[in-house]
*Asks:* 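Can you read through this structure? Questions will come right after.
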Number of protein chains: 2
Amino acid sequence: MQYLKIKDAIVEQIEDGMLTARQKLPAERKLAEAFDTTRVTLREALSMLEAEGRVYREDRRGWFVSPEPMSYDPTQTLNFTNMALAQQRQPRTELLAAKQVLASKHAAKKLELPPFSDIYRVDRVRYLEERPVLYVTNFIRAELFPDLLKRDCSRNSLTDIYREHYGVEYQRIRYRITTSSLQGEIAQALRATAGTPAMVVERINYSQTGELIDCDIEYWRHDAITIDSIAELSA
Amino acid sequence: MQYLKIKDAIVEQIEDGMLTARQKLPAERKLAEAFDTTRVTLREALSMLEAEGRVYREDRRGWFVSPEPMSYDPTQTLNFTNMALAQQRQPRTELLAAKQVLASKHAAKKLELPPFSDIYRVDRVRYLEERPVLYVTNFIRAELFPDLLKRDCSRNSLTDIYREHYGVEYQRIRYRITTSSLQGEIAQALRATAGTPAMVVERINYSQTGELIDCDIEYWRHDAITIDSIAELSA
DNA sequence: GAGTGGTCTAGACCACTGC
DNA sequence: CAGTGGTCTAGACCACTCG
């Protein structure tokens, strides 16, 4: 069980501060040689560290040391940017697309609409310290927000636009958290290799009048996030 | 990218019902031959399916098709058994140990106690349809529950004992969800290979008087669970 | 005791990154 | 253009499971 020793050695280097957050590890061939083994075994060890959230990969770029995860409370409306700033992180958001589309079967179901209804779809990638950690897709009931896309979605948070221009606020959030893996364009947008472990957060949001507003599907690099929340139970 | 085709082929067999939940896949060597490839590449495909939660491994026993995950709401006190029954699942719990111990540094911190305080520690493995899916450790403030261990912990749920014998109920739950991987004895207890992806749920529970009661650390096989909850926002 | 999964070796080619 | 990571081959040995 050679790969356990390799793992421990790398963990030790991280904990001793020889390797610090976001730093690139040496090339696989060099590491393999250093541990006197083959690339296959070395990669076994690295994949295990990846599963534990200690290192991450950028596709074809190499292996890096994972920084501290950001703490995320899905029951707060606090948007990504403010959440990050509150934790002394450096957020950035990239708007990939914002358009009006016909609801796919999947999206229609989430939004409780008939298929082919008009909806907005907004795709964004979010960064922490210039590392892409989150791919979000929003599906929004178009009827509730006429001309939403004329607002500047790349500059303002959706929740701010809802509140300021339409008087709509989140009141109830239904969320679902699963683990999966990144594939295809989502993986690409996060500079991840296909198969990278992911945390998927799906939220369906309701307004103060109980109306379904929108739904967001979030793909997080799993080492970048820890869900952290409090529930008060009614007697 | 051969492993993608292998993945798709296996997914198709699952979705067509040729392979059904909990069924064992053919031996790796047979699958490798069937797909005209080597075990290394085949295992690459299987690992990816494992990350997606479509198949799971039992250590040295082989690969199996994942059943539907159980839906879990950490903000409900509903215990594992009742939660499972409500979803037409077949739960079983195995008590590994229930004893009074001196708090480790880690446990003491969670329970906000000085190190080496007296606490109870209860370890259990929980099954669904005879598949071990969850390893839980409870750390309990001993002062609140004199003679707790004389009650029959293997037969009754802890929350029932708290309520019936001590008049204590959960009122507030602080929870944290992360992804990691199974290692050592926890992996063994779940019949998992070291490195299997896991969902870790850590809960700290407070009573109706606001007092910290206990803390539980749950290691789930990640394909066995989806977190599902609702949050009401205060205005 | 046969067969299986877990682990490991020693290579190879290719497309891409980054200089 | 050199070097890297992604992918793949064709084996091997061992400890374990299961019949």
*Asks:* Could you check how far CZ of B:R43 sits from C1' of D:dA12, rounded to whole Å?
*Replies:* 14 Å
*Asks:* Provide, to the nearest angstrom, the distance between the CD atom belonging to A:E28 and the P atom belonging to C:dC16.
*Replies:*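 About 17 Å, once rounded to whole Å.
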*Asks:* Treating B:H222 as the side-chain partner and B:T196 as the backbone partner, does any N or O pair qualify as donor plus acceptor under 3.5 Å?
*Replies:*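 Checking the backbone N and O of B:T196 against the side chain of B:H222, no donor-acceptor pair under 3.5 Å is found.
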*Asks:* Which atom pair, heavy atoms only, marks the closest approach of B:Q183 to B:A194?
*Replies:*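 What the structure gives for the nearest pair is OE1-CB, 3.7 Å.
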*Asks:* Nearest-nucleotide wise, let me know which of B:R29 and B:T38 is further upstream toward the 5' end of DNA chain D.
*Replies:*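 Between the two, 5'-proximity favours B:T38.
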*Asks:* From CD of B:E44 over to C1' of C:dT7, roughly how many Å is that when rounded to an integer?
*Replies:*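 Whole-Å distance recorded here is 16 Å.
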*Asks:* For the pair made of OH in B:Y56 and C1' in C:dG5, what is the distance, rounded to whole Å?
*Replies:*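 In whole Å, C:dG5 C1' and B:Y56 OH are 16 Å from each other.
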*Asks:* Hey, does the side chain of B:Y3 come within less than 4.0 Å of D:dC8's phosphate (OP1/OP2), counting only N and O?
*Replies:*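 Checking B:Y3 against D:dC8: no side-chain N or O falls below 4.0 Å of OP1 or OP2.
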*Asks:* Can B:R203 and B:D216 be counted as an ion pair, charged N to O under 4.0 angstrom?
*Replies:*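 Looking at B:R203 and B:D216, the cut-off is met.
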*Asks:* Answer yes when B:D223 and B:R131 have at least one side-chain N-carboxylate O distance shorter than 4.0 Å, and no when they do not.
*Replies:* yes
*Asks:* Looking at B:E15 and B:R54, does any basic side-chain N land under 4.0 Å from a carboxylate oxygen?
*Replies:* yes
*Asks:* To the nearest Å, how far apart are B:L46 CG and C:dT7 P?
*Replies:* 15 Å
*Asks:* Considering only C:dC8, C:dT4, C:dA15, which nucleotide approaches the side chain of B:K30 most closely?
*Replies:* C:dT4
*Asks:* If only side-chain N and O atoms of B:T41 are considered, is one of them under 4.0 Å from the OP1 or OP2 phosphate oxygen of D:dT9?
*Replies:* yes
*Asks:* What is the distance, rounded to the nearest whole Å, between atom CD of B:E33 and atom P of D:dA10?
*Replies:* 13 Å
*Asks:* For the pair made of CG in A:D36 and P in C:dC8, what is the distance, rounded to whole Å?
*Replies:* 12 Å
*Asks:* Does the base of C:dG6 carry an N or O that pairs as donor and acceptor with the side chain of B:R61 under 3.5 Å?
*Replies:*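 A donor-acceptor contact between them is absent.
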*Asks:* Side-chain donor or acceptor of B:R39 under 3.5 Å from a matching atom on the base of C:dG6?
*Replies:* yes
*Asks:* Among D:dT7, C:dG6, C:dT7, which nucleotide has an atom closest to any side-chain atom of B:D59?
*Replies:* C:dG6
*Asks:* I want to verify a distance call: between C:dG6, C:dT9, D:dT7, whose nearest atom is closest to the A:Q2 side chain?
*Replies:* C:dT9
*Asks:* Distance check needed: D:dC14 P versus A:M1 CE, whole Å only.
*Replies:*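 In whole Å, D:dC14 P and A:M1 CE are 16 Å from each other.
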*Asks:* Please compare A:R60 and A:L4 by the position of their nearest nucleotide in DNA chain C and report the one closer to 5'.
*Replies:* A:L4
*Asks:* If each of B:K24 and B:V40 is mapped to the nucleotide of DNA chain C with the nearest heavy atom, which maps nearer the 5' terminus, i.e. the 5' end?
*Replies:*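 It is B:K24 whose nearest nucleotide is closer to the 5' end.
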*Asks:* Does D:dG6 have OP1 or OP2 sitting under 4.0 Å from an N or O in the side chain of A:T193?
*Replies:* yes
